[in-house]
Amino acid sequence: MLEDMTRATKKGDVRAMIVSGPPGVGKSFGVEKVLGKHDLIAQLGDRPAKYEVVKGAMSAIGLYCKLYKFADKDNVIVFDDCDSVFADELCLNILKAALDSKKTRRIHWNTDSFKLRNEGVPDSFEFKGSAIFITNLKFDKSKGKIREHLMALESRCHYVDLTIDTEREKMLRIKQIVRDGMLTEYKFSEELHQEIIDFVDINKARLRELSLRTVLKVADLAKAFPTKWEAMAENTVMKR
């Protein structure tokens with residue numbers, strides 16, 4: 001469903017999507033896998049990229065400029081753990097305008113800005129692109145002022161909750177993502193590949209974190225220490 005919804009967002013059939021779920025379950029992997037295929041086609045045609053992943057903090061004016069850069073139809077901005085935009089009222093108002101249900105979505109910046117003049121960004125433009133928000137936040141469990149902000153954004157977006165919370169669900173997701181090629185670049189033998197997954201599965205109750213990040217840590221150890229990676233992993237990714 002996540003990949004299907006990402007394709008629909010890329011086509012513009014879905015205007016915006018929120019992907020919520022616990023850390024390390026492949027929220028970003030599923031989205032970027034789909035968008036990366038489209039981007040490869042653009043690169044082969046020597047055309048500019050039509051999507052960008054934004055991480056970390058972002059100011060309101062930075063958000064405005066980013067939306068302008070990807071304002072064309074079939075462009076997508078992915079906000080990956082960029083939760084600061086949810087807490088800032090100015091950012092939220094910009095997003096509400098960008099993702100409105102009206103046929104024409106026009107965004108305005110009504111304050112004089114050197115940054116906009118310097119970068120050649122107009123003080124208003126029509127946004128025809130799409131947005132994907134990837135977050136660990138549980139919108140329905142948020143409280144206080146942030147809840148009002150999140151509800152206003154959720155009303156404009158499709159909400160995909162991966163609901164991957166139990167050890168069994170996390171392990172199924174890990175196996176799915178690994179099967180889809182997450183460890184391909186390591187060029188392990190099929191036997192070693194399976195040994196890494198088995199190690200994580202057998203020891204899942206003792207791991208510091210049951211996630212794809214842990215799988216990558218174990219894979220790094222298997223590459224660095226071919227003969228003693230299991231012993232190394234027991235001391236680094238497992239609880240004493």
Does [X] have more than 12 heavy atoms from other residues, nucleotides or ligands lying within 6.0 Å of its [atom1]?
X    : atom1 : value
K128 : NZ    : no
K170 : NZ    : yes
R208 : CZ    : yes

Any side-chain donor near an acceptor of the partner, [X] and [Y], under 3.5 Å:
X    : Y    : result
K10  : N75  : no
Q176 : D180 : no
S211 : E209 : yes

Open item on the list: With rounding to the nearest 0.5 angstrom, report the CH2 to CD distance, W229 to E234.
Closed with: 9.5 Å
Task: Spatial distance of atom CE (M17) from atom OH (Y159) [nearest 0.5 Å] - done: 12.5 Å
- [ ] Check C91 against L63 and note the closest heavy-atom contact, atom names and distance.
- [x] O-CD2, 3.5 Å
Open item on the list: When you compare the side chain of V31 with that of F29, does any pair of heavy atoms fall below 4.5 Å?
Closed with: no
Cluster check [X], [Y]: I/L/V/M/F/W/Y, side chain < 4.5 angstrom:
X    : Y    : result
F70  : W109 : yes
I196 : I202 : no
M171 : I164 : no
L90  : F79  : yes

Open item on the list: Test side chain to side chain contact (heavy atoms under 4.5 Å, CB included) on I77 and V54; report intermediate values, then the result.
Closed with: CA-CA 7 Å; I77 304 177; V54 178; 3.9 Å; yes
- [ ] Step by step, work out the side chain to side chain contact (heavy atoms under 4.5 Å, CB included) result for L212 and L216.
- [x] CA-CA 6 Å; L212 290 167; L216 291 173; 5.6 Å; no
Task: Flag, side chain of D201 to backbone of I197, donor-acceptor distance under 3.5 Å - done: no
Open item on the list: ring-ring contact (aromatic ring centres under 6.0 Å, His included) for F86 and F133? Distances and angles first, verdict last.
Closed with: CA-CA 10 Å; F86 299 148; F133 302 91; 5.8 Å; yes
TODO: Using the six-membered ring wherever Trp is involved, compare the ring planes of F188 and Y186 and label them parallel, tilted or perpendicular (cut-offs 30° and 60°).
DONE: parallel
Task: Salt bridge D100-R15, side-chain N to carboxylate O under 4.0 Å - done: no
